[in-house]
Amino acid sequence: MTFVSLTELPILSLILWLPLAGTLLCLLFRHSNFACRWLALLTTGAVLVLAICLFVGLPTAPGWLIREDYAWIPTFGIRYSLALDGISLLLVSLTAVLQVAAVLISWKQKEHPALFYALVLLLETGIIGVFLATDLILFYLFWELMLIPMLFLIGVWGHGNRVYAALKFFFFTLAGSLCMLLAIITLYLIHGEQSGIYSFALESLMQTQLSPGIEMLLYGGFLLAFVVKVPLFPFHTWLPDAHTEAPAAGSVDLAGLLLKTGIYGLIRFAFPLFPHAAQQSLPLLAVLALIGIFYAAWIAYVQTDVKRVVAYSSVAHMGFVILGLAAWNQLAWEGALLLMVNHGVTTGGLFILIAMLQDRTGSRDLRALGGMWKTLPFFSAFFLLFCLASLGLPGLSNFAGEILVLLGAFGRWPVFAALAAAGVIFSAAYMLRVVQGVLWGPLGQLCKIGDKDCLHEDLDRREWLLLIPLALLVVWLGIYPTTILEPLRGPISLLLQGGGLP
Amino acid sequence: MIVPFHHLLVLATLLFLLGLMAVLVRRNLIMILIGVEIMLNAAGLVLVGASALWQQIDGQVLVIFLMALTSAEVSISLAMVVYLNRRKKTVDVRAFDELRG
Amino acid sequence: MSLLELQALLPQIILALGATAILMLGAWYPSRKWILAGVGIALVAALCAGFVSPAVAEVAGLYSTGRYACFFVIVWSLLGAFSLLLSLRYAEIHDLPGSEYSSLVLFAACGMGLLSAATSLIGLFLGLEAFTLVFYVLIAFKREDPRGAEAGLKYLVMGAVATGFLAFGISLIYAASGSFHLPEAFVGLQQTAGGMRTIGLVGWALILVAIGFKVSLAPFHLWTPDVYQGAPAPVTALLATGSKGAVFAALVPLFTALGPLKADLEVILWVLAALSMLVGTLAALPQRNLKRMLAYSSVVHMGYLLTGLLVGGRVGNRALLFYLLAYSIATLGAFGVLSSFSRVDDEPQEYTDFRGLGYLHPRRSSVLAACLLSLAGIPPLVGFFAKFGIFSAALKGGYPGLALIGILTALASLYYYLSPIVVLFMQQRDARQLRRGGRHEYIVLACCFAAILLLGIYPAPLLDLLGSLLP
Amino acid sequence: MDSRLLLLLIILPLTGGVLNACFGCRLPRQMRALLAISSVLASFVLTLICWPLAADGGTQVTLFTWLKSSGLQADIGLFFDPLAASMTLMVTGVASLIHIYAAGYMEYEEDQARFFALLNLFVFAMLCILLADNLLLLFLGWEGVGFCSYGLIGFWYQKKENALAGRKAFIVTRIGDLFFTIALLWLFALLGTVNIAEINLRATELDPLLITPLVLLLLGGACGKSAQLPLMTWLPDAMAGPTPVSALIHAATMVTAGVYLLCRLFPLVSLSSVGMATIACIGAATALYAASCALEQREIKRVLAYSTMSQIGYMFMAVGVGSVAAAINHLLVHAFFKALLFMGAGALIHLAGGENDIFKMGGLKQKNPFLFWLFLIGILCLAGAPLTGGFFSKDAILLTAFSRGDGLSAILWGVGVFTAGLTSFYSFRLLYLVFFGDYRGDKSAHHLSPLLIWTLPLLALLGLFGGLINLPHFYGGSEMLSHWLGVAPALELPLPTEIGLLALMTLFFVAGWLPAHLFYRKYQPEAETPWRRFLLQGWRFDALYERVILQPYRFVANFCWIGGDKALIDGVIEGIGRTLLHWGGYFRQLATGQVSFYLQGFAWGLLLMLGWLLLKAVT
C-alpha cells in the first residue's frame, strides 16, 4: 500500500471508529457469545491490520503524516481534527496489538461477554482517539471516553475489592482531567481574546502569549491530569489497586495503554503549549520520577500479590519515562518513548501470563504459589522471559529504552541518572522475587504432588498464539529497536525544538 | 390620594410580616394557611395603593387575579387539610415528617 | 384582546382548552385512554407553536410570541407529552384517574408555556401560579400513598408562602417603578432614587426568594428531596424539569432586561449559586435514595444554571439554555426509568432496590446510567458540553470562583452519580422478579437516550438554534 | 580471510542455545547435548581459524546497529584483538571441554534442554563480553552471563536454597553492575562514545580528577562480577549449581570477567594511580580473605570457590600493579587448573555418592587412582608448586609487585606471599582429606561416565605447562603473551634477587604443605571452635549484610507501603472523601421533614438578602 492510496481514505477516522462499530455490533448480537467474541477479534484484528499498513506504508518524516480536519461545533470553535505523526503512529500500533491480546486473553469470558467485548472495543476507540486528536476538546473527549469502559471493566469483572478500585481509578483520573478542562477553557479564552479567533486547535493555541504566572497555572492543570494518569509519585496509589483488581484485559489495557496516554499528553500538549513553564517544571518532574522509581520498587518488593508487584513495577518504569522526558534531550526522549512501548508489551505480557496463572491455580499469592516450572514448563518459560524483560535484561525490550533514558538523563541530571540506575537493582530484586515465588521452589501450598487439581494444563493453542507474537516483539524490540526509533526521531526533534508541530 | 402611599406601604409591610410570623410560628396547618392569606392580602394592598399612586389600572387587575388565585389555592389547600386530617386525625404540621434526611 | 392575539397564543389555548375538554369528557367517559388524548393535544400544541407563525409580537403586554417563547412552548408541550406517556402504565397500576391526570399535566404545560413567554410581571405571576396550583394536586395524586400526601402538603405550604413572597415582591416593584411590563419596570426602577429604589430592591429580594423556592436554590431547597420522594415518579419528572426550566426560561429575558440593576444583585446571585452547588453536592453525597439524590443533585444543577444566568449576555444565556435542555432530558430519562421500574406494590427508590438490576433490565439500566453520567457531565454525553458551556461562560464572564466551585462539585458529584451505577451493574443480582415496563415508557426512554447521545456528539445545531433564539 | 567469520563466533553458541531453548524438549536426548557441544566446539575451531585476524591491532566487524540515537551509536560489533583472542580461545576451549564433560555429568537429568540452552547462551554472552567493541554490547554480555549464571545456579530449582542462591548471585553482581552502568553513562557523557577502542584512545583527554572516580566505578563493576570484596558473598553460595556450571562459570570464565574488563580498559584505568592502588589493595585483601575462609570449609566445592576468589584477587593485584600480561597469564592458567579441579570435584562427588562434605570422603585414591593424579596436578598448580603453571603465573604477579619498590607494593607483595602459603595449606588439606585415609562416607558411588574423566587430562596438561605461555627471560622463556598482547615485558630484576624470591616462594609452598601433611594425612575429627565457625561462615559477612542492608531495606519497603502509600497518600485522599461525606451528613440533616423549619429557611434567606442590600445602601 502506498502513501498516496492511504491518504485517499479517511483512514484515521476509519481506524478510530472501527472499534466503536464493533461495540455497537457486539451490543446488537449480545445474545450470542460466539458472535461477540469473534466480532471483537475481527474488529481489533482489522484495526491491527490497518495500523500495520500505516506503520509499513508511511514514510518516516518529522511532521504530521496524515491529517483530517472538519468543522464540528463552530459555536465553540471546536473542530474534528485528527492527525498522525511518528509518535502517534507508534502508539496507535501498540494499542492495536495489545487490544488483540486483550480480546484473546478474555476469550473465555463467561459473565456478560457482549458487554465486556463492547467495552473493550469502546476503550480502544477512546485510546486511539487520544493518540490522534489535535483539537483540545476532541482530545479531552476521548480522554474521558477511556474512563467509563475502564470503570466498568474493573467494577464489573474485577476481583475482590473491585468497586473500590474502580472508583479510586475513576476519581483520581477525573480529578486531574477536570483541572485540565479548566485550564483548556482558560487557555482558549485567553487565546480568543488575543487573536479574536476562538479555537481549540493545538496549532492555534500554541501561539498564545501568556504571562509567566498564568502559564504556570495552566500548565499545572495539564500536568496534574497527565501525571495522575502516568502515574507519577505521589499520585500513583490508584494504580496498584486498579491493576490488581482489574480483569486480565483491563490490566493489559491499563498498564499497556492507559498509562501511555498520560505521557503522550505531556509531550503532545502540555510541553508544547507551555514551553517555559515546562522547562521550569523539569527539576520537579525529575525528582518525583526518581522518588517514584525508588519508592515503587521498594513497595513492590514486599508485595505478596503478583499483580500488585507488576503494578508497582509499572510505577517505577513510568518513573524512568518521566525522568527521560525531564532530561529534555533527543537521546532521553527517544529512550523514554521506546521504554513506553516496551513497557506496554512486557507488562501487557506479564498481566496476560498472570491471568493464565490465575486461571489455572486460582491464586496470585506468592506465598501460595511455587514450582510452576515443574507443572507448566512452557508457561514458565514465557513468564521468565517477560520478567527478565521487565527487569531490564539487555537484549530484551526494556533495556534498550532504559539505557537510552539513562544515557540521555546523565547528560542533564548526572546524579539523578546514577541514582535511577540503582533502581534497576531494585527492579531485579522484586522481579526475581516474583520468579522465585512462582516458578522455583517446591510446588506451592496450593498443590501438593499427586493432587488431582494440580495437573494444570500447559498452554493451549490460543495462548500460544497470544504469547508468541508478544515474546517475539519483546526480543525484537530488544535487539533491533531501530524499527521504533527511526520513526520517532523526526517528531521528537521537532517537539524538542519547542515548535512541536510542523 | 388621601392616604400617603408611605403609610400604606408601612401597613402592608406590617401585614406581610404578621402573616409571615404566623406562617413561621404556628404549627396548625389552618393557621399557616391563614398566614399566607394575610401575606397575599398585604400584597394586594400594596398593589391597590400603587395603582392609585401611578394612576394605572394594572395593579388592580393583578389584585383581581390575586383574589382568584387565592380562592383556588384555598380550595385546594382545604381539600388537602380535610384529607390529611382524615388520615392522621390532626392538622399539626409537625405530624408530617416521614419524609426527611 | 383581538383575534390575532388569540391566534398568537394558540398553542397555550390549545393546551388549556384541551385540558378542559378532557376534564369534562372524562367525567362522562372515565378512561385511561384520555392520557393518550392528552399526548395528542400536547403534540398538536407543539406543532402549532412550531408551524403557525404568530401575527403579533406580544399579547396584551403580558406574553411574547417571539421565537424564543415559541421554542419553549414546544419544549414544554413535548415535555408534557413525554410525561403523559410515562404515566400511562403508571396510572394503570396505581389506579389513577386518567382524564384528571391528563388534563392537569396539560394545564401545567400550558402554565409553563405562559411563564416562559412572560414579558410582564403579571404574566410571570400568572404563568407561575398556573402550574404551581396544578402541582399541588399532582404531587398528592396518589391518594392512598401517605408519602404522596405529605409531599403534597409540604409543596402546598411552601408554595403558598412563596406565592405570598412573589406577590408582595411584584407589588413592591410595581409600587417603585409603576409598571409591570418588563423593560419599563426596570427602567422605572433605575430612574427612581432613594426610598423607592430601595423598595424596588426589597421587592427583588422577595421575588428571588420565591424563585429560589421554585427552582430550589439553597437555602430554599429543603422541600425538594421530600417532595421528589413523595411524588409519583412521572410527576417528579415534570416537577424536576418543567417547573424549574420554565422559571429559568422566564428569567433569561427578565435578567436581560434588568440592565445595570443586575450589579446590585450580583453578589446575592453569586452566593446563591455557590451555596446551591456546595450544599447540594454535600447533601447528595451520603444519599442512598435515588429520588432524594436526584433532588439534591438538581439543587447543584440549579447552581450551575444560576451561574449561566449571572454571566448573562449571549454566551451565558446560550450556555444556560443548553444546560437547561441537557439537564431536562437527562432528568426526564432518569425519572422515566424510575417510573418504568415501578410496580403495583412498590416504586424502587432505595439503592438496594436496584441491586444487580443492570443485567436483568440492561436497556433501561443503561438509559439510567447514561442519564446519570450525562448529569455528571461525562463526555460524549450531552451533559459534558452543557457543563463545558457553563464553565467557559463563567470564566469568560469573569466568575472564575464559580467555575472553580463548579469543577470541584462536578468532581464530587461523580461519587453520588456513580453510586447507583455501581449498585446497578457491579453488585450481586437480586433474585427478585422482573420489573416490566410499558411500550410507551420505552418510547420516551429511547428518545431521551438518543437525545443525550446525539446532542452529546453533535450539539452544534442545537447551539446554533439557541443562539438564534436569543436577542 | 573474511572478517565476518568472527560474527559466527557469537552466533553459533547463540543459535545452539536458542534452538535448545525453543525446541530442546522435542529433540532426542543425545541431540540436545550434541547440539550444544557442536556449537561451542565450532566456535573454538573458528577462533583458531580466525586467530590471524587478531594480529596487527585487531579486526573490527559489525553485524548491525543495535542502538542509534543522537550521538550514540552502539553496534552489534566485534573487536578481535590479541587480548580478546586469547581470552576467546580459552573460553571456547574450556567451554567445549566442559560441555563434553556436562554431557556425561547431566546424562540422567530431566531438564537437559534447559541446561544446555543456558550453558550455550552463557558462552554466547561471555563471548559478547570478550569481543564487544563497545561498552553497551559488553554490558549485554555482562548481564547475559549474570542471567545464565542465575538460571544455572538455580538449575535444581525445586530445592528452594538453590534458587535463592541464584537470586543472590544475580542481585549481588547487579549491585556491581550498577557501578559499571554509572561508569558507562559517565564515559558517554564525557566522551560521547561507548566504543571501547575510542575510549581507550581518548582517555587522556579526560580531566584527571574525573578518572579516579571512573576507575573506582569500573572497579565496582568488576568486583561484583569477580566476587571481590565487598561483593563476594554470592560466590560460595553459587556452588549450589551443577558442577559443570561451577567449573565453567564460577571458576574459569565469568568470574574473571571483572579482570578482563579492567584489562580491556587498561589504558583508561592506568591513568589513575589511586584507582590502580585501590584495585591492587582490593585484590590483595580478597586474596587473603578468601584464602583464610578456604582454610576451614567443609564442602569440596566451597573450598574451590574460595580459592577461586582468592586467585582472582591475585589477578586484580596484577592489574593493580600494572601488569596486564601477568593478570591474563594467571587468568588463563587458573582457568585451566580450576576447571580441572572443579570437574575433578564433580567426578569425586559422583564417586562419593553425591556427598559434598570432604570430612565424609577420604580414601578416594583407591577408588580411582587416575583421578587422583589428575586432581593432584590441579592442586599443585593451585598451591603454586614450583615449575607448575600456577607457580609461574603467580610468581610473575608477585615479582611485578616486588619490583615496583614502593611501600604499598611491598605490603601487597607480603600479603601475596603469605596468601600463597595459606593456599598451599588448604589445597593439600583438601587433597589429603579427600584422597587419603579411609572412606568415611556412607553412600555408594554413582556410575562415573567416562566423559567425566577423559576431559580432564587435557586441562591438566594445560595447567601444568600453562606457565610456558609467558615464561620470563629469567627461566629462558620469551614472554610470549606479553609480546602477543603488546604490553611492556616484566621488569628484569638482578639475578640474586630473582633467586632469592624463587627460594622464598618455594619455602612458603613447603610451609603450607607441611602442616597440611601433618594434620590431615591421617584423618582426625576436628572440634568446632568459634574461630573455625567464623572462617567457615566467611567472616560472617552474610549476617552482616543481612543486618546492615537487607533488614533496613525490608523495613523501608514496608514503611513506604504501609506508612506511605496506605496511611499517608490514601489516607489523605480517603480522608477528604470521608470528611465530605461527614459534612454531607450535616447538610442532609437540615432536611428535618418539618415544614416549619423549611419555611425558616425562606425567612433566613430573605433576611440575609435584605441585610446585604441594607449594607450596600448604607455604604
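Just so it is clear, the model here is predicted, and its values are computed rather than measured. Below, chains carry the letters A, B, ... as their sequence lines are ordered, and counting in each starts from 1. The basis for the numbers below is simple: all heavy atoms, side chains too, and nothing from hydrogens, waters or symmetry mates.
Scanning both residues, A72(B) and L133(C), for their nearest heavy atoms gives CB-CD1, 3.9 Å. Closest non-hydrogen pair, A175(C) versus V46(B), comes out as CB-CG1, 4.1 Å. A pairwise comparison of heavy atoms in W54(B) and A176(C) identifies CZ2-O, 3.5 Å as the closest pair. Closest non-hydrogen pair, I76(B) versus V137(C), comes out as CD1-CG2, 4.0 Å. Heavy atoms only, all atoms of each residue included: S171(C) and A43(B) are closest at CB-O, 3.6 Å.
With contacts defined as side-chain heavy-atom distances shorter than 4.5 Å, the pair Y174(C)/Q56(B) qualifies. Counting heavy atoms from C-beta outward, F125(C) and L66(B) have side chains that approach closer than 4.5 Å. Using a 4.5 Å heavy-atom cutoff, the side chains of L62(B) and L121(C) are not in contact. Using a 4.5 Å heavy-atom cutoff, the side chains of V36(B) and T163(C) are not in contact.
Between F165(C) and F16(B), the ring planes are perpendicular. Angles over 60° get that label, and only those under 30° would be called parallel.
At a 4.5 Å heavy-atom cutoff, A79(B) makes no contact with chain C through either its backbone or its side chain. Contact of L172(C) with chain B is made through backbone and side chain together, with heavy-atom distances under 4.5 Å. Interface residue R292(C): only side-chain heavy atoms are found under 4.5 Å from chain B. For L47(B), the parts sitting under 4.5 Å from any heavy atom of chain C are the backbone and the side chain alike. Neither the backbone nor the side chain of T70(B) comes within less than 4.5 Å of any heavy atom of chain C. Using a 4.5 Å cut-off between heavy atoms, L45(B) makes no contact with chain C at all. Residue L126(C) touches chain B through its side chain alone, counting heavy-atom pairs closer than 4.5 Å. A160(C) touches chain B through backbone and side chain together, each having a heavy atom under 4.5 Å away. Neither the backbone nor the side chain of I38(B) comes within less than 4.5 Å of any heavy atom of chain C.
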**Message:** Evaluate D226(C) against F96(B) for side-chain contact (heavy atoms from CB on, under 4.5 Å), listing each step before the verdict.
**Reply:** CA-CA 11 Å; D226(C) 294 0; F96(B) 302 96; over 6 Å; no

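We find the CG-CZ distance between L222(C) and R100(B) to be 14.0 Å, quoted to the nearest 0.5 Å. Atom CG of L153(C) is separated from atom CD1 of I32(B) by 8.0 Å, given to the nearest 0.5 angstrom. Interatomic distance, NZ of K291(C) versus CG of L99(B), reported as 9.5 Å (0.5 Å rounding).
The environment of F141(C) atom CZ is dense: over 12 non-hydrogen atoms of other residues, nucleotides or ligands sit within 6.0 angstrom.
For chain C, the option among L69(B), V23(B), L40(B) with the highest count of heavy-atom pairs below 4.5 Å is L69(B). Listed options K88(B), M80(B), R87(B) were ranked by heavy-atom pairs under 4.5 angstrom with chain C; first place goes to R87(B). Per-residue heavy-atom pair counts under 4.5 Å with chain B were compared for P146(C), A130(C), A151(C), P286(C), and the maximum is reached by P146(C).
Listed for the E150(C) side chain is a donor-acceptor partner under 3.5 Å among the backbone atoms of E98(B).
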